[in-house]
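Here the structure is laid out as structure tokens; the discussion comes afterwards.
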Amino acid sequence: MDKPSNFVVERAAFPQLFAALDTRGYTIVGPTVRDGAIVYDALRGVDDLPIGWTDAQDGGVYRLARRADAALFGYNTSPHAWKKFLYPPAVRLTHARRENGAWRVMENDDAPPRYAFLGVRACDLAAIEIQDKVFLQGAYQDSIYAARREPAFILAVNCAQAGGTCFCASMGTGPRATQGFDLALTEILEAEQHYFLVQVGTERGAEVLNELAHRQATDEEMARAEKILLETAQHMGRTLDTRDLKALLYQNYEHPHWNAVAARCLACANCTLVCPTCFCSTMEDVTDLSGENAERWRKWDSCFTMDFSYIHGGSVRQTHRARYRQWLTHKLATWIDQFGTSGCVGCGRCITWCPVAIDLTAEVRALRDTETIKGA
Amino acid sequence: MQTLEPILAEHPFLQGLAPEYMQLLVSCASNVRFNSGEYIFQTGQAADKFYIVRQGKVALETPSPTHGELTILTVGPGDVLGWSWLVSPYRWHFDARVLEVTRAIAFDARCLRDKCDANHDLGYEMMKRFAQVFIERLEATRLQLLDVYAVHT
Amino acid sequence: MLSTLDSFPARADAHPMQPRLYRAHKRHRETPDTFTLELEAAQDDAPFTFAPGQFNMLYVFGVGEVPISICGDPKRSNLLLHTTRDVGMVTHALSRIKRGDVIGVRGPFGTGWDVERAVTRDVLIVAGGIGLAPLRPVLYSILAQRERFGHVSLLYGARMPEELLYMPELQKWRARLDLDVAVTVDRGTRHWRGDVGVVTTLIPKAACDPARTTAFVCGPEVMMRFTIFELQKRGVSDENIVLSMERNMKCGIGLCGHCQWGPHFICRQGPVFRYNEIRDWFALKEI
């Protein structure tokens, strides 16, 4: 299919992107090597990118590795998701102060950061779209998310390789970024060449592109990018059969396989923390020693904790079985009823970062293969 | 004397009972009235009657040395009072104390047992009806045991 | 600044996470471990409107927030009433509130009982324990327009006579000729002259035409399950059995995820549900 606005930016011109975003007042965040992983953090320039690095991922396994080339975006998913910027892990909701014995709720006048996200994968774009549905498109919107989301500049990078735990092709979310970006790149390294095929998504994206040396892409260059993405799609480390997935899970709440997962699950909550769509939070109350200041903080929470479902008398989901079932069924089934979309984008993070290598694609397969109650 | 049949037929416990059985029952039945505070029966006494309550309220009690009389259940209009007459050794396990003036139909247990023994169709009919009462009481007792309103610590 | 962006549609409550200040007008004990708080606006005089069955998040500064149903008269919008039990850290702090103390209030949230749908019908209000609190506004609403309803009964069960809520009001309601009030306790002593037995035992005797009856049910989940059995046995249809569910809640607006119950967010699609909508979920354990 012919793309109307495809351009080429040479690797040598890429650093100009940082200046263009910087002058627009963006806080630039993107991939960088830290603590033995490629994480998302503030970037000062192109040298902060994981140049020449990649990762090897499998169930419960993540290893940094050197590439034979100097690719900027030659890795797969990060343990971080962009939600840490849009939906901060800890954020103050309320600050009240007692003055002359009377409580006053203070105005929260912190200006929200304006982020430019560099290197958003197609799966993560889909995840942002899903969190938009959760936080912005219901009866109530989350003003903290809204304030960060609306100005965010998104530079997507198509995946030139698939990771060992990736299954975006099964979920229909990747590996190509199709919408929701300002600019989308495909990084191409071949022979002596190193360039980016650029697709413009918005007017804002076009303005930024205009500050970078670029030219119209040739048909060969576009075909090269197509070929890369096709290959990526064909090399997914995992697959998930999504046919009638909602019905499958709704009909198998009492499937014995949940016990098998529960026997392995540590309820450590890693999967929920690395998941780019998981959105649960809790509240924490903080006071200072004087007792004159009281704050409420919203923090990421996980349905894997015992406290999560606590009501007077005890927790509703006492067992690991119930908590894993809740997570998986929410992600793949009830989410559809709640938000009109699956809650899974196929990024594979939950598989990589599970300390005991529980693999949701395998769990679904096990449910499907041994389904006790046959779906319609 | 007015026959008890229409009164019996009105009571939920005997609703829809075939007329021939009704006639058998009537011959064992008598109209009774108890005043507030009276005991209809007491623990350990011979269970020689059972009652279907038409009006009033009766408490089934059991004494406790530290809590006084504990009420297990109150029965009122439409309810059945007493089933110890059905099973050996035919002794009451609770006190039945009248809370509000109570009108009931009393059935002579020996009379009814004899009739049921002689006519198993009647016996079966009565057992079915009592089974219903047993099950309802058992379910209610289970719910009571669950103590669902308790504060959990 | 917490801004609402132009590009997103404006909502009724632009700052649902910001508590409004309310002052304790009165706190009185209902039973040994429950109490009622009467609150009045400390920030502005905007009347507080709510539907029977909705709840508020009550915030004790520095201690925390709890979801508590609103139990006052929807017509009296100047006073906000909450009855709660002293069982946790926040409810304990609430139990020590003095007249004049200020707390934060967010709400009202959730769905209501939809009393309007019961107009012309017989009504059974079945309450267990503190479950009477969220049902009291239903009674206020019905009694304010009593002629629009058929036969109305309140069936109320509690653990012990000392644990019955709203005793003076129960006595007043009991004296009315247009309202049947049946009260029972699970355990009685000689001091109690009322009924002893679980609340479900009141259902077979309640005066109503099951085919045109709406039942509003609130209490512990086990009590509600047995109540549903009894109502079904009487012939009340599932869509006319309405109940209020409880789950952990942190935000009240469907964003924190805690109150999920299958596909439902109890704070948004609930807490009040028609039984036919939730039948399948009600039967599942650890959901």
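Every chain is numbered from 1, with letters handed out A, B, ... down the list of sequences.
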**Asked** Among C:Thr189, C:Thr184, C:Asp195, which residue forms the greatest number of heavy-atom pairs with chain B at distances under 4.5 Å?
**Response**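 Most pairs with chain B among the choices: C:Asp195.
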
**Request:** Please examine the side chains of C:Lys205 and B:Asp79, heavy atoms only from C-beta on, and report whether any two atoms are closer than 4.5 Å.
**Result:**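 A side-chain contact under 4.5 Å exists here.
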
**Message:** What residues of residues 33-58 of chain B make heavy-atom contacts with chain C at a cutoff under 4.5 angstrom?
**Reply:**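 From residues 33-58 of chain B, the residues near chain C are B:Ser36, B:Tyr39, B:Lys57.
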
**Asked** Can you name the closest pair of heavy atoms from B:Gln144 and C:Arg187 and give their distance?
**Response**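 Heavy atoms of B:Gln144 and C:Arg187 come nearest at O-NH2, 3.8 Å.
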
**Message:** Tell me the closest heavy-atom pair linking C:Arg193 and B:Leu99, and the distance in Å.
**Reply:**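 Nearest pair, atom of C:Arg193 first, then B:Leu99: NH2-O, 2.8 Å.
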
Any chance you could measure [X], atom [atom1], to [Y], atom [atom2], to the nearest 0.5 Å?
| X | Y | atom1 | atom2 | result |
| --- | --- | --- | --- | --- |
| B:Thr74 | C:Trp192 | OG1 | CH2 | 9.0 Å |
| C:Asp186 | B:Leu73 | CG | CG | 11.0 Å |
| B:Glu139 | C:Glu230 | CD | CD | 7.5 Å |
| B:Leu143 | C:Arg225 | CG | CZ | 10.0 Å |
| B:Asp147 | C:Arg159 | CG | CZ | 4.0 Å |

**Those residues of residues 124-132 of chain C, ordered by number, that approach chain B below 4.5 Å (heavy atom to heavy atom)** =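 Listed by number, the contacting residues are C:Gly128, C:Gly129.
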
Over 12 non-hydrogen atoms of neighbours within 6.0 angstrom of [atom1] in [X]:
| X | atom1 | result |
| --- | --- | --- |
| C:His28 | NE2 | yes |
| C:Arg29 | CZ | yes |
| C:Lys233 | NZ | yes |

Contacting moiety of [X], where chain C heavy atoms sit under 4.5 Å:
| X | result |
| --- | --- |
| B:Leu60 | neither |
| B:Pro77 | backbone |
| B:Arg137 | neither |

**Request:** Determine which pairs satisfy side chain to side chain donor-acceptor pair (under 3.5 Å) with at least one residue from residues 120-135 of chain B, sequence neighbours left out, and list them in order.
**Result:**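 Residue pairs with at least one partner in residues 120-135 of chain B: B:Glu125-B:Arg129, B:Gln132-B:Glu136.
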
Pair up each side-chain donor or acceptor in residues 85-97 of chain C with any protein partner under 3.5 Å, not counting sequence neighbours, and list the distances.
residue, atom, partner, partner atom, Å
C:Arg85, NE, C:Asp33, OD2, 3.3
C:Arg85, NH1, B:Tyr149, O, 3.2
C:Arg85, NH2, B:Tyr149, O, 2.6
C:Asp86, OD1, C:His92, ND1, 3.1
C:Asp86, OD2, C:His92, ND1, 3.1
C:Thr91, OG1, C:Arg85, O, 3.3
C:Thr91, OG1, C:Val87, N, 3.0
C:Thr91, OG1, C:Gly88, N, 2.8
C:Thr91, OG1, C:Gly88, O, 3.2
C:Ser95, OG, C:His92, O, 2.6

**Message:** Does C:Glu163 form a side-chain contact (heavy atoms from CB on, under 4.5 Å) with B:Val151? I'd like the steps, not just the answer.
**Reply:** CA-CA 11 Å; C:Glu163 295 185 10; B:Val151 178; over 6 Å; no

**Message:** Is C:Thr201 close to chain B through its backbone or its side chain, or both, or neither, when contacts mean heavy atoms under 4.5 Å?
**Reply:**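 Contact with chain B: side chain only.
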
